[in-house]
Amino acid sequence: MYSRLSRVSRPLKTTLAILTVASGSLLTYNHFYLNQSSLLYSDTKPLKTSLNSEEDLQKIANGSYKPPSRSELLSNLEKTKKFDVLIIGGGATGTGCAVDASTRGLNVALMEMNDFASATSSKSTKMAHGGVRYLEKAVFQLSKAQLDLVIEALNERKHMLQTAPHLCKILPIMIPVYNYWEVPYFYAGCKMYDFFAGSQNLKSAYLLSKTSAGQIAPMLDVPKLKAALVYHDGSFNDARMNVSLAVTAIENGATVLNYMEVEKLIKDPKTGKIQGATVRDRETDKKYDVMAKVVVNSTGPFSDNILQMDRNKSGYPDIFDKANIDTSKLPSIDHDNLSRIAVDNPKMVVPSAGVHIILPSYYCPKDMGILDVKTADGRVMFFLPWQDKVLAGTTDIPMKKVPENPVATEADIEDILSELQHYCKFPVKREDVLSAWAGIRPLVRDPRKLSPNSKGDDSTQGLVRSHFIFTSENNLVTIAGGKWTTYRRMAEETIDEAIKVGQLPNKPSVTKDLILSGGENWTPNTAALLSQKYHIPSSLSKYLSENYGTRAPIICELLKKDKKNELPVTLAGKEHNEILGNVDFQALRYPYTVAEVKYCIDNEYSRTALDFLLRRTRFGFLDAKEAMNAVEGTVSIMGDELNWDSEKRSLEIKKSKEYIKTLGV
Ligand SMILES: Cc1cc2nc3c(=O)[nH]c(=O)nc-3n(C[C@H](O)[C@H](O)[C@H](O)COP(=O)(O)OP(=O)(O)OC[C@H]3O[C@@H](n4cnc5c(N)ncnc54)[C@H](O)[C@@H]3O)c2cc1C
């Protein structure tokens with residue numbers, strides 16, 4: 001809504017126009033508007049849970065539930081002659097598809113070449129939102145299609161809050177207003193945003209006086225303020241949501257594996273139709289031919305690589321196809337780079353890098369975000385309380401290539417800090433940056449709309465506004481674009497398409513009402529119950545409840561079972577036996593314990609130290625320096641649990657430290 005505003009001083013006429021549109025729309029949608037105050041925990045419709053029976057839930061509570069191990073999942077790959085659906089990519093979109101398909105009763109395999117959420121899906125702004133600026137576009141372009149996208153995302157926003165209540169919460173966001181004439185403009189915009197959410201609205205937007213805004217956000221330049229608007233969106237933990245989707249799919253019978261790289265698509269030699277994929281286990285180098293009735297490409301920024309495999313007769317990406325390599329010799333080729341080679345000349349994906357930084361909590365009110373509507377180049381920027389710190393971002397920098405590991409540059413970090421300084425009264429300091437990283441926004445173009453000779457550098461040609469689903473001549477179903485907030489809807493549409501392509505039994509999607517793993521029976525009181533039952537401090541029970549939901553008792557049982565499991569990961573493996581029994585969780589800066597590492601190995605398929613430090617917990621993203629101190633401890637616990645030899649342990653320590661060093665500190 002607000003980016004344009006920063007460029008030109010908007011005449012009062014515009015404000016009036018918006019008010020007119022808003023009031024006109026209010027009449028049309030009046031019945032929604034009246035119904036907007038529904039509360040998340042008082043919804044009457046009971047949601048289904050991801051585990052099937054009360055008995056399962058009981059097993060979780062008493063610690064006897066055991067999910068299938070990696071080797072069991074691998075043996076499924078060998079035992080299954082043909083899956084119904086093979087999904088490539090384990091980000092938000094792929095794992096969403098796996099949940100949708102498996103809960104429709106389909107036999108599903110999902111292969112992720114790194115860890116779940118290791119690409120874009122752990123690097124978002126963590127907002128479940130319709131997008132206020134997209135609403136502005138819809139209004140100014142008088143675009144019904146754009147408006148429909150906002151409404152769809154607003155619906156999905158509520159869905160995320162309901163189905164993963166432990167990971168998503170409502171977040172009020174303040175828009176500081178510095179000109180009187182902007183007050184009605186922003187007020188109308190926020191009210192329209194509420195209004196279009198209809199019955200799915202979270203809470204009503206409201207106006208704050210200058211004094212109240214200053215009390216809530218003392219870091220603002222209060223004397224210059226005229227007022228502030230507060231609207232509501234959702235805030236969530238993206239990587240944990242992603243792993244929760246992977247686990248939910250597994251609990252519904254899917255064979256979901258990380259560190260499995262699709263190297264080649266298998267085609268019918270006569271028809272060229274896709275029949276499956278050759279997948280390499282990156283831990284052992286063993287290859288599997290995974291056959292399926294339909295293959296789904298949900299590889300986000302890497303979509304063009306898989307499309308090359310689809311296009312090339314050999315089933316390999318361009319790099320091997322064009323080089324006319326004797327594929328029988330492939331085992332001697334550097335497999336670590338096979339399908340993760342940057343696509344030099346992207347055609348479908350239009351990549352742009354978005355950088356975020358993490359700052360100490362004093363940069364933002366504790367329970368309210370701030371939206372900066374006046375960035376120098378017309379973007380909006382968020383400063384959001386997240387995991388007891390402040391998440392700030394994002395930049396939007398067009399890129400020519402899709403790097404596997406995008407990093408935040410010093411210029412990106414400075415850009416965010418200087419925007420922050422515009423509204424922050426105290427000096428903003430570079431040394432306050434606790435972590436910084438980049439993610440690739442996979443905007444997409446419809447490849448069918450590109451001219452055959454297009455080199456992919458005419459970046460706006462065929463650009464689609466949201467996600468799009470595309471089935472190739474060889475029956476590869478590609479889903480790309482969209483946003484985290486709409487993952488469920490995207491997955492539903494993709495599996496509808498896969499059902500058609502593979503002529504699979506047509507059962508409707510059930511994910512609208514499906515509670516994800518950890519969300520079953522969760523309430524805001526779960527933390528209190530954990531503290532009472534396990535006598536753990538409230539800071540730890542809150543952390544466990546808000547990250548593991550009703551699976552937290554499994555971690556608490558581990559804490560109870562062995563004093564060593566209470567050690568923080570930073571101290572693990574250092575023979576601090578004398579401190580065992582004296583750990584004071586309240587005094588620890590971070591709540592990550594040996595018990596949590598063990599849980600994440602057994603229940604969430606954590607395979608490397610970085611899986612734990614970046615995505616099961618968010619340690620590295622929240623405080624890179626401190627996370628560096630936890631590398632040895634994490635490797636020591638994982639090494640013991642997974643029988644790593646000393647060479648593997650040293651390699652893990654080296655790799656983890658090298659990665660954490662790229663996180664802007
Ligand atoms: C800076 C930024 C901020 C954002 N903020 C928000 C926000 O606040 N709210 C919101 O709703 N959305 C947001 N988004 C958008 C959202 O993050 C993405 O739409 C979403 O994460 C994309 O998920 P994906 O699964 O399509 O892609 P990815 O998460 O990139 O997943 C693709 C996966 O495919 C795997 N893969 C690739 N090739 C292979 C292969 N050969 N074999 C096996 N696996 C393979 C990759 O390893 C990767 O894990 C943001 C995006 C960015 C960049």
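For clarity, every value in this text was computed on a predicted model and none was experimentally measured. For ligands, and for the atoms within them, numbers begin at 1 and follow the listed sequence.
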**OP:** For the pair His467 (side chain) and Ala480 (backbone), establish whether a donor and an acceptor sit closer than 3.5 Å, ignoring hydrogens and angles.
**Re:** no
**OP:** Select one of side chain, backbone, both or neither to describe which atoms of Lys126 lie under 4.0 Å from any atom of ligand 1, heavy atoms only.
**Re:** backbone
Subject >> Lys389 (side chain) donor-acceptor with Gln387 (main chain) under 3.5 angstrom >> reply: no
**OP:** Mark yes or no for whether Arg240, through its side chain, and Asn547, through its backbone, hold a donor-acceptor pair below 3.5 Å.
**Re:** yes
**OP:** Using a strict cut-off of 4.0 Å, indicate which atoms of ligand 1 neighbour a heavy atom of Gly482.
**Re:** 19 (O)
**OP:** Anything under 30° is parallel, anything over 60° is perpendicular, the rest tilted; go ahead and classify Phe382 against His129.
**Re:** perpendicular
Subject >> Electrostatic pair Lys286-Asp281, nearest N-O below 4.0 angstrom >> reply: no
**OP:** Kindly identify the option in Ala353, Ala491, Ser124, Gly300 whose heavy atom sits closest to atom 4 (C) of ligand 1.
**Re:** Ser124
Subject >> Test: Arg607 and Asp115 ion pair at under 4.0 Å >> reply: no
Original post:
Does Glu263 come within less than 4.0 angstrom of ligand 1, counting non-hydrogen atoms of the residue?
Top reply: no
**OP:** Identify, by atom number and element, the atoms of ligand 1 in contact range of Gly354, meaning under 4.0 Å from any of its heavy atoms.
**Re:** 1 (C)
Original post:
Quick one: which ligand 1 atoms are inside 4.0 Å of a heavy atom on Thr394?
Top reply: 1 (C)
Subject >> Any N/O pair Ser352/ligand 1 closer than 3.5 Å >> reply: no
Original post:
Hey, is Phe302 touching ligand 1 through its side chain, its backbone, both or neither, going by heavy atoms under 4.0 Å?
Top reply: side chain
Subject >> Nearest option to atom 51 (C) of ligand 1, as decided by whichever heavy atom of Leu110, Thr299, Thr120, Thr485 sits closest >> reply: Thr120
Original post:
Judging by distance only, is a nitrogen or oxygen of Gly439 under 3.5 angstrom from one on ligand 1?
Top reply: no
Original post:
Are any of the N or O atoms of Trp484 closer than 3.5 Å to those of ligand 1?
Top reply: yes
**OP:** Report yes or no: does a heavy atom of Asn305 sit under 4.0 Å from some atom of ligand 1?
**Re:** no
**OP:** Return a yes/no value for Ala128: is any of its N or O atoms, backbone included, closer than 3.5 angstrom to an N or O of ligand 1?
**Re:** no
**OP:** Using heavy-atom distances, let me know which of Ser121, Gly91, Ser303 sits nearest atom 29 (O) of ligand 1.
**Re:** Ser121
Subject >> Proximal candidate to atom 24 (P) of ligand 1 [heavy atom criterion; set Ile87, Thr93, Leu245] >> reply: Thr93
Original post:
Should Ile440 be counted as touching ligand 1, given the test is an N or O pair under 3.5 Å?
Top reply: no
Original post:
Which option, Met113, Met160, His129, owns the non-hydrogen atom nearest atom 39 (C) of ligand 1?
Top reply: Met113
Subject >> Asn155 side-chain N/O to Glu152 backbone N/O, donor-acceptor pair under 3.5 Å >> reply: no
Subject >> Selection from Arg441, Glu112, Met490 by shortest heavy-atom distance to atom 53 (C) of ligand 1 >> reply: Arg441
Original post:
Under the side chain to side chain contact (heavy atoms under 4.5 Å, CB included) criterion, do Phe621 and Ser122 qualify, and how do the steps go?
Top reply: CA-CA 10 Å; Phe621 286 124; Ser122 58; 4.2 Å; yes
Original post:
Once you round to the nearest 0.5 Å, how far does CH2 of Trp484 lie from CE of Met490?
Top reply: 10.5 Å
Original post:
Taking atom 40 (C) of ligand 1 as the point of reference, which of Val355, Ile88, Thr125 owns the nearest heavy atom?
Top reply: Ile88
Original post:
Non-hydrogen atoms of Ile306 versus ligand 1: any pair closer than 4.0 Å?
Top reply: yes
Subject >> Taking every non-hydrogen atom, the tightest pair across Ala119 and Phe302 >> reply: CB-CE1, 4.1 Å
Original post:
With side chains defined as the heavy atoms from C-beta onward, is the minimum distance between Pro385 and Leu171 less than 4.5 Å?
Top reply: yes
